[in-house]
Amino acid sequence: MSIMHLDIVSAEEEIFSGNVKNIIAAAMMGEVGIYPKHTPMITPLKPGEVKIITEEDEEQLFFISGGVIEVQPDIVTVLADTAIRGQDLDEARAAEAKKRAEEALANKSDNIDAAKALAELAQAAAQLKMIETIRKKGK
Amino acid sequence: MSGGKEIKGQISSIKNTQKITKAMEMVAASKMKKAQGRMSSARPYAEMIKNVVGHLASAHPEYKHPFLVKRDSVKRVGLIIISSDRGLCGGLNTNLFKQALKQINEWNKNSIEVDVCAIGSKAEKFFKRLNVNLVAQVSQLGDSPEINDVIGPIKIMLDNFIEGNIDELHLAENKFINTMSQEPGLNHLLPTVPNKEDDLSHHWDYIYEPDSKSVIDNLLIRYIESLVYQGIVENVACEMSARMVAMKSASDNASDLIDELQLVYNKARQASITQELSEIVAGAAAV
């Protein structure tokens, strides 16, 4: 029985890389089973399991929270999402980032951090000055 | 014994500082290893998605995505800047900002306006002081950033691009060369021209499910996200190694300072002993 190469990767790590005989994944339009020499295909995956049968006839299961599967005759790539995606969720994330930018711009008269940093800087400068004078006195 | 006590105090205070910088150096060193590991484990995804996008470009989909189309006139550009959240890492952030600022000035000279998306609180603070248009911001990503955190800000930039508010998108990030050196750089993100593969030049295409538009949309968004995410992970590695180097030199400087002060202290002590002795001798001679 022929085999194909499969890579399952997520943005944060490599999940699986090796030769497999069969892949079953939950694609957007329904479950797909992929054997070697499949026509080139590309489709989004739904959150769910990806079942594979390895070269050694072992069955392995991976859970992915969505992604994309790219099928070439001998190579299959699963680009798994680590984040849970959705139009509304993405929208909410965008709104949040925008709000933070507006907030950051709003309090231009800086916050406690800057005041604290300034105080620390003054202290350090004073310390340096003192070291200098002591050194001069010693010479 | 003039100033003896002050010098002692100084020495002990510098010793305390040195303890802190040494500890920070060691913490940074161990975090750097982890960050480098994270960087290399994020690489396969970036490479895979690059391949897939490359295949897509050499396939012949009937749908042309706006991300792939170059615009004739550029009036407004977007700039994503990746910085660290914390300081004490040498000139890492400053060098990057300098380069970004140079580019922004260049754009302004050609009357191109700039929208900035700041990642990391250093970039936020820096660009808040300047009069730039900050449209999105995210910070406090920590040492192990998640792609979750960057989806929002990137979406804002991508939406702006699709709506035509910005005509180009750039990314300013630090490149990790090795532990000792990091290089700030500007990358062109959009419109993107994926490298086409020659051996796939004959006419072929994928089966797209459900349709080519939604698949390509999805994929290109993830492609840009992965580029930015890769930049962030790389920046963490840069930050840690820059901090390690900075803290090492701070510890070395502290040692030098302590040595010098110790010498000054010894001299002062010796001087006061000599003085006391001569006073006693003079006193005895007078009697």
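Naming convention: chains lettered A, B, ... in sequence-line order (proteins, then strands); numbering from 1 in each chain. Note that the coordinates shown come from a computational prediction; the quantities given were computed from them, not determined experimentally.
- Heavy-atom distances place both the backbone and the side chain of B/Ile49 under 4.5 Å from chain A.
- Checked by atom type, the side-chain pair B/Tyr206/A/Glu70 shows a donor-acceptor distance below 3.5 Å.
- Chain A forms the most heavy-atom pairs under 4.5 Å with one residue out of B/Pro153, B/Ser226, B/Pro210, and that residue is B/Pro210.
- Side chains of B/Ser84 and B/Asn93: a donor on one and an acceptor on the other come within 3.5 Å.
- Note on B/Glu146, B/Gln137, B/Met157, B/Met48: by heavy-atom pairs under 4.5 Å with chain A, the leading option is B/Gln137.
- Between the side chains of A/Asp74 and A/His5, no donor N or O sits under 3.5 Å from an acceptor N or O.
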Using residues 33-42 of chain B as the side-chain source, report each donor-acceptor pair under 3.5 Å to any protein atom, sequence neighbours left out, with the distance given to one decimal.
| from | atom 1 | to | atom 2 | distance (Å) |
| --- | --- | --- | --- | --- |
| B/Arg38 | NH1 | B/Asp143 | O | 2.5 |
| B/Ser40 | OG | B/Gln36 | O | 3.2 |
| B/Ser40 | OG | B/Gly37 | O | 3.0 |
| B/Ser41 | OG | A/Glu12 | O | 3.2 |
| B/Ser41 | OG | B/Gly37 | O | 3.3 |
| B/Ser41 | OG | B/Arg38 | O | 3.1 |

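- A donor-acceptor distance shorter than 3.5 angstrom exists from the side chain of B/Tyr229 to the backbone of B/Pro145, with no hydrogens or angles considered.
- Heavy-atom neighbours of chain B within the stretch residues 41-56 of chain A, taken at a separation under 4.5 angstrom, comprise A/Met41, A/Ile42, A/Thr43, A/Pro44.
- Judged purely by atom type and a 3.5 angstrom limit, B/Asp85 uses its side chain to pair as donor or acceptor with the backbone of B/Ser121.
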(Q) Between B/Phe97 and B/Phe127, does the ring-ring contact (aromatic ring centres under 6.0 Å, His included) criterion hold? Intermediate values first, please. (A) CA-CA 9 Å; B/Phe97 295 158; B/Phe127 285 99; 5.8 Å; yes
